[in-house]
There are 2 protein chains.
Amino acid sequence: MSSTSSTPQWVRDLKPSGPQGSELLEQERSKSSINVDTLSAFLHTRDGLARKRRVLKILENEKVFNKEQNYFAGRIDRFETALARAKKLRQLVIRHGWDNDDRMVANELISEPGPYGLHESMFLITLRDQGSEEQHEKFLKQAEKYKFIGCYAQTELGHGSNVRGLETTATWNPEDQTFIIHSPTLTASKWWIGSLGRTANHAVVMAQLIVNGKSLGPHPFVVQVRDMETHQPLKNIHVGDIGPKFGYNTMDNGFLLFNHVKVPHISMLARHSRVDPKTNKYVKPSSPSLVFGTLTWVRSTIVMQAGGVLARGVTIATRYCAVRRQFQDRDAPSDAGGENQVLNYTTVQIRLLPLLATTFALHFTGKAMMALYGASQKKMSHDVGKVSGKERGAGPEETHSGSDLLADLHATSCGLKSLASYTAVEGLEVCRRACGGHGYSSFSGIGSWYADYLPTATWEGDNYMLTQQVARYLLKSARSVLKGNDPTNDTTAILANFLNRQDTGAAFDILGNDADIVAAFAWRSAFLTFEALKHRDEQKKAWNDLLVDFYRLSRAHSQYMVVKNFYETLQSPTNELDPATQGIMHKLFRLYALHTLESEASEFYTSSAVTVRQIQLARTNAVMKLLEEIRPHAVKLVDGWDFPDWQLDSSLGRYDGKVYEDMFYRASELNPLNKITVDPYPDSATLFKKDESGSMKAKL
Amino acid sequence: MSSTSSTPQWVRDLKPSGPQGSELLEQERSKSSINVDTLSAFLHTRDGLARKRRVLKILENEKVFNKEQNYFAGRIDRFETALARAKKLRQLVIRHGWDNDDRMVANELISEPGPYGLHESMFLITLRDQGSEEQHEKFLKQAEKYKFIGCYAQTELGHGSNVRGLETTATWNPEDQTFIIHSPTLTASKWWIGSLGRTANHAVVMAQLIVNGKSLGPHPFVVQVRDMETHQPLKNIHVGDIGPKFGYNTMDNGFLLFNHVKVPHISMLARHSRVDPKTNKYVKPSSPSLVFGTLTWVRSTIVMQAGGVLARGVTIATRYCAVRRQFQDRDAPSDAGGENQVLNYTTVQIRLLPLLATTFALHFTGKAMMALYGASQKKMSHDVGKVSGKERGAGPEETHSGSDLLADLHATSCGLKSLASYTAVEGLEVCRRACGGHGYSSFSGIGSWYADYLPTATWEGDNYMLTQQVARYLLKSARSVLKGNDPTNDTTAILANFLNRQDTGAAFDILGNDADIVAAFAWRSAFLTFEALKHRDEQKKAWNDLLVDFYRLSRAHSQYMVVKNFYETLQSPTNELDPATQGIMHKLFRLYALHTLESEASEFYTSSAVTVRQIQLARTNAVMKLLEEIRPHAVKLVDGWDFPDWQLDSSLGRYDGKVYEDMFYRASELNPLNKITVDPYPDSATLFKKDESGSMKAKL
């Protein structure tokens with residue numbers, strides 16, 4: 001705290017009442033046998049940890065990355081700062097020769113969406129994957145040098161998930177060999193396009209290709225939207241920022257409209273399909289599956305990240321609940337003295353500790369999916385030659401027959417993306433509330449993080465829409481199993497197992513045997529699959545009437561996969577955790593699985609996977625006991641996630657427990673609102689007595 | 001749209017693709033037989049509706065209340081505008097001779113917390129209820145004239161719900177007959193105090209009264225904190241705004257520290273207890289229950305309001321989901337043409353329609369509680385004379401023996417406040433997400449409303465803490481019933497009924513008989529009560545180990561009360577709805593009850609209130625059928641809530657369905673970010689090409 005402080009000396013001499021937060025966290029850490037170092041390395045690898053330290057050191061020393069005013073600044077200021085940071089980061093990448101992983105780590109540490117975000121992801125990827133060599137030369141090279149700064153313009157004001165409903169048109173004009181890009185209606189306006197609002201000078205525009213009056217579906221076009229010098233919109237293009245959002249306000253999501261804008265033939269990205277300028281004919285895509293493969297990969301990363309996203313909230317809430325004390329235990333002797341750490345209350349434990357278990361469950365599941373993706377890609381490249389002409393151009397659900405591996409991963413990724421992102425979203429809000437009143441302060445660091453993460457539940461497939469893909473795949477698998485086909489992957493295996501054992505019934509020892517817990521989740525998923533199949537195929541129920549069942553089915557199947565992946569990770573012989581940490585991890589597995597089982601109890605009853613008595617025991621005995629056993633390790637477990645204070649930017653989640661000092665410092669020293677002195681009386685002619693902010697004006 | 005528009009003419013000529021939102025909403029309204037006018041009057045009374053129209057007309061014509069820049073402005077701007085609005089509102093109150101109800105309606109229409117908020121509620125109420133006549137003369141009169149502008153300073157940086165843990169002291173100094181107000185630690189700082197940050201010049205400070213070295217618990221003191229002329233903090237007082245929050249940023253929540261500040265004897269509010277300056281002795285409060293009565297009343301209003309709070313989100317989402325179209329029904333013939341209204345999908349219906357039912361359920365429950373409160377107040381004033389000396393000074397749970405009515409209402413209000421505010425919070429977020437991507441835009445109008453409402457889940461009793469009060473009351477009632485005492489209110493009646501029928505078991509016809517639905521909820525609540533009692537009294541489980549059970553118990557009992565109140569409201573002969581609307585209301589009751597029952601299925605199984613088969617049927621048959629039957633009336637049902645567009649301030653929730661036009665207008669015409677032109681290249685020396693905003697500066 002500087003000597004120019006506006007806080008009087010007598011206030012600066014005050015300390016929080018004891019015991020101090022730092023003492024409490026020290027106690028917590030001394031009571032647990034967890035090896036934080038091993039745990040961190042297990043989660044992030046030694047290389048990953050070293051990379052983070054190296055990048056952090058550089059960022060901390062750059063003034064533009066100072067976060068002190070982040071929570072105070074308004075939208076325009078925040079956007080400007082974000083742009084300045086994006087530029088600086090690009091300069092650092094060049095100066096230090098950072099690779100892509102270094103840049104990603106820097107972005108994680110900075111922890112805000114930036115105006116180059118879509119340029120550096122979708123724009124470059126699309127040019128690379130969908131551009132021809134000639135287009136790589138013309139567009140990609142410029143983009144890699146940040147001369148072309150781009151975005152990916154797909155969503156429209158009136159059209160979200162349904163890409164086929166896009167209204168923007170690109171009409172092939174044989175006369176001058178151009179495409180005419182046009183927005184026929186207001187709802188055709190591109191909308192939500194990241195990096196477009198103020199930053200991009202180019203866009204990949206998804207538009208309905210029209211050749212010889214025939215509509216051929218959405219295709220990508222590279223279109224310049226702003227002048228390279230003045231950065232003003234080009235003629236007949238209306239482009240701008242779509243306005244403030246619940247979060248993500250450091251990003252300039254934009255709108256874009258075209259009034260019969262001509263672009264040359266080379267603008268249509270031609271790797272997969274193209275218009276032949278000589279014949280004026282459309283040449284069909286060679287392999288649509290590869291595109292869906294990319295979406296599958298993106299969804300797998302979302303699952304992987306969801307664990308870490310949630311872990312930030314759990315870290316903040318767990319540390320603060322160990323520092324915060326309130327009331328005395330009702331059963332404690334009256335001379336016990338002092339208030340109880342909030343983390344000791346079971347109502348707090350039941351909210352935080354299952355979420356702590358969830359962070360690991362999602363992380364391990366994401367890791368397993370990435371591995372599966374690698375395997376499926378190898379198999380796919382092998383399969384591509386075999387795709388028949390008939391299958392070309394079909395949607396994702398129909399192209400799977402060539403590869404059971406990709407089919408399984410596609411369905412898996414849809415369901416898990418939906419489950420993981422919702423779990424992180426809901427969980428962050430639970431963490432914020434577990435911090436009591438102070439969770440509502442921006443200084444908690446959870447609110448803004450939650451608000452910025454929220455759109456993940458909608459993009460890359462709306463979380464509700466996606467569940468239909470899972471259900472469709474499970475129904476198809478069930479039909480195959482019913483026909484007597486041999487299981488070809490885990491999904492068909494659990495369905496076949498259910499059919500075989502159906503008549504003898506299930507008897508899973510969920511409280512005594514961990515493999516049985518996994519089996520109970522598989523049983524419930526298989527039960528719901530065959531129930532849904534009966535509704536659809538036998539009872540001929542309308543698709544729309546089954547959507548709610550499908551949502552539940554997808555959720556059940558995804559929970560099975562998370563439980564299974566968590567279990568298998570801990571069984572794996574490559575697991576390098578020390579025995580003490582391994583033991584707690586095992587308890588976390590059981591907590592995640594039994595708490596989930598208990599929350600979804602009615603589906604487990606209905607499927608006869610477990611009895612009412614088992615669920616009662618799971619709740620009143622097993623879960624409550626696990627909370628008690630995990631409680632002493634909570635702080636060190638979140639330490640294992642290894643978030644630097646600089647990244648968390650949270651008063652409540654400080655590693656050193658100096659929660660109240662930090663809250664007070666930010667309010668008393670950093671808060672610009674305290675520079676204005678108002679005239680509080682309703683009948684006065686002015687709003688202010690004194691105005692040191694320099695930008696105020698009377699509003700009356 | 002003005003002629004100085006920055007939007008080019010060719011864009012301004014565009015329309016959304018058809019059918020237009022206005023046509024779709026017209027269709028919706030023509031298809032339903034609901035009488036919107038009758039429904040609105042039933043909810044709000046004719047007088048209430050007329051009052052709203054009258055006040056709205058005046059507000060709309062005052063420039064300061066124009067909402068166009070609300071979503072764009074940063075915190076300082078928003079606070080300044082809010083202060084200007086608060087002043088103007090006070091002027092309007094005087095000019096038009098508005099009564100308190102008029103002012104409340106104006107605040108609802110303006111829909112933002114204002115800097116006079118705590119002055120006009122807690123400060124005035126506390127002075128009135130807890131001040132002596134002399135204090136009314138000295139403080140209240142000045143406060144009513146807005147010379148004293150005040151706040152209510154209870155919560156501290158380190159102390160939330162536990163009032164007894166407050167650290168601020170007020171030490172009686174017999175020598176000069178003053179109190180010395182002091183903050184001994186940093187955690188003693190008052191925190192979260194509404195209207196204190198920049199606005200108030202006075203505060204009611206809750207401080208531990210110390211007389212003759214003896215601590216006598218928290219008492220209220222009126223303390224001047226800022227100079228009446230310069231509005232600067234007085235000497236040895238450190239006061240300011242606590243900084244930005246997740247929402248509520250138009251309010252200046254403040255902090256406050258005292259360094260041995262002397263205040264005269266009259267500062268301690270003396271209606272209920274006081275220090276006799278002649279004897280230097282403390283005089284005990286005459287009737288603590290009256291204070292708890294006020295809290296009970298506040299909680300009842302929260303329940304009542306929760307219905308309306310949620311209804312705003314449901315109104316916006318329902319209208320938008322009727323305008324938004326996406327995909328075709330999978331079973332529809334391929335020539336059906338056009339996309340399907342999102343509201344037709346069952347995954348959307350299952351999220352929105354039970355919430356629509358909930359808005360009415362909470363509203364009716366709140367109304368019933370207000371009535372019960374009136375009755376209990378009458379009974380209490382009658383009882384006051386009978387309170388024995390021994391009971392004085394005891395906590396709320398021990399003072400009830402004098403009045404079964406207040407005991408029941410106190411517990412009821414705790415549990416229902418918790419359930420209702422969480423339901424509204426969770427429900428608003430469901431509504432926001434049901435709007436898809438556009439729900440994330442500030443223009444949806446849901447995000448800011450949600451963020452501003454959130455603290456209701458924490459204040460007036462944390463939603464988790466409160467459930468202990470309910471459980472304690474239910475256990476006490478159960479013990480009384482077990483002893484064979486006759487039922488004295490509804491709670492003891494349902495407990496006694498459960499005991500009587502325990503051996504014959506329950507057989508509730510939840511799908512055929514509405515009274516049986518209510519009975520099933522009562523049965524489950526009673527079952528959980530006796531289970532909890534067994535754990536506590538027989539098995540001697542620790543209080544802390546039962547908190548999770550208590551939370552569930554409170555939730556179960558509160559849901560029973562909501563179901564019961566909804567049912568009784570529709571049975572009531574004073575119900576003036578027309579038969580068609582009455583019929584739909586009845587379906588909404590069943591939807592609320594059966595959907596809740598199905599969501600909490602496992603507790604209903606465990607208590608044997610219903611069978612597994614009944615729950616399955618409730619879900620797959622009853623609930624799905626109710627969704628289909630209520631769907632055609634959804635738009636008119638939300639119309640019945642009668643929110644003016646001016647109040648909602650939502651593009652998506654517009655009454656006329658012009659959703660896309662409004663989104664576009666706000667982005668293209670009102671968005672100040674579009675006035676800056678950035679220099680997008682990472683190696684350029686500046687951030688801006690052109691800057692029309694006047695307040696930007698390069699940050700590199």
Side-chain angles (χ1 to χ4, degrees), chain A residues 8 10-11 14 16-17 71 74 76 84 87 90 146 149 157 160 162 185-187 198-199 231 238 240-246 257 259 326-327 329-331 346-347 350 436-437 440-442 447 455 458 464 542-544 547-548 601-602 660 667 671 673-674 677-678 680 682 689 695 699-700, chain B residues 8 10-11 14 16-17 71 74 76 84 87 90 146 149 157 160 162 185-187 198-199 231 238 240-246 257 259 326-327 329-331 346-347 350 436-437 440-442 447 455 458 464 542-544 547-548 601-602 660 667 671 673-674 677-678 680 682 689 695 699-700:
Chain A
W10 62 267
V11 174
L14 293 174
S17 58
Y71 295 134
I76 292 183
K87 290 184 175 204
R90 174 67 192 159
Y146 288 65
I149 295 173
L157 181 54
N162 186 11
T185 65
L186 192 67
T187 36
R198 308 313 296 152
T199 310
H231 204 60
H238 186 51
D241 175 271
I242 63 162
K245 297 143 293 188
F246 195 62
L257 281 155
N259 185 25
Q326 192 168 254
F327 292 102
D329 190 318
R330 202 178 142 95
D331 290 331
T346 53
T347 30
I350 194 78
Y440 195 61
S441 167
S442 299
T458 304
Y464 275 87
W543 187 259
N544 188 30
L547 294 181
V548 177
S602 87
Y660 299 117
N671 185 358
L673 189 61
N674 286 326
T677 302
V678 306
K689 290 285 188 187
S695 68
K699 302 212 173 197
L700 279 174
Chain B
W10 62 268
V11 173
L14 293 174
S17 58
Y71 295 134
I76 292 183
K87 290 184 175 204
R90 174 67 192 158
Y146 287 66
I149 295 173
L157 181 54
N162 186 10
T185 65
L186 192 66
T187 37
R198 306 316 294 154
T199 311
H231 205 60
H238 187 50
D241 175 271
I242 63 163
K245 296 143 293 187
F246 195 63
L257 281 155
N259 185 26
Q326 192 168 256
F327 292 102
D329 190 319
R330 202 177 144 93
D331 291 331
T346 53
T347 30
I350 194 78
Y440 195 60
S441 166
S442 298
T458 304
Y464 275 86
W543 187 260
N544 188 31
L547 294 181
V548 177
S602 88
Y660 299 116
N671 185 357
L673 189 61
N674 285 327
T677 302
V678 306
K689 291 284 187 187
S695 68
K699 303 213 172 197
L700 279 172

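We name chains A, B, ... by the order of the sequence lines, and we start the count at 1 in each one.
With a 4.5 Å cut-off on non-hydrogen atoms, Arg198(A) touches chain B through its backbone and its side chain both. For Leu157(A), the parts lying under 4.5 angstrom from a heavy atom of chain B are both the backbone and the side chain. With a threshold of 4.5 angstrom between heavy atoms, Ile350(A) approaches chain B through side-chain atoms but not through N, CA, C or O. Using a 4.5 Å cut-off between heavy atoms, Ile149(B) touches chain A through its side chain atoms alone.
Between the side chain of Asn674(A) and the backbone N or O of Asp241(B), at least one donor-acceptor pair lies under 3.5 Å. Under the 3.5 Å distance criterion, the side-chain polar atoms of Asn259(A) are left unmatched by any main-chain donor or acceptor of Trp10(B).
Lys245(B) and Ser442(A) get closest at one heavy-atom pair: N-OG, 3.3 Å. Closest of all the heavy-atom pairs between Leu257(A) and Leu14(B) is CD2-CD1, 3.8 Å.
Per-residue heavy-atom pair counts under 4.5 Å with chain A were compared for Pro16(B), Pro244(B), Gly74(B), Gly447(B), and the maximum is reached by Pro244(B). Chain A forms more heavy-atom pairs under 4.5 Å with one residue of Pro680(B), Pro455(B), Gly243(B) than with any other, namely Pro680(B). Top candidate by heavy-atom pairs under 4.5 Å with chain B, chosen from Leu186(A), Ile242(A), Asn671(A), is Leu186(A). The residue among Ala542(A), Gly436(A), Gly437(A) with the most heavy atom pairs within less than 4.5 Å of chain B is Gly437(A).
With sequence neighbours left out, Thr346(B) forms a side chain to side chain contact (heavy atoms under 4.5 Å, CB included) with Asn544(A), Asp545(A), Leu547(A), Val548(A), Gln349(B), Met624(B). Applying the side chain to side chain contact (heavy atoms under 4.5 Å, CB included) test to Thr185(A) and every residue at least two apart in sequence or in another chain returns Glu167(A), Thr187(A), Ala188(A), Ser17(B).
Here the straight-line distance linking atom OH of Tyr71(B) with atom CZ of Phe246(A) works out to 12.0 Å at 0.5 Å rounding.
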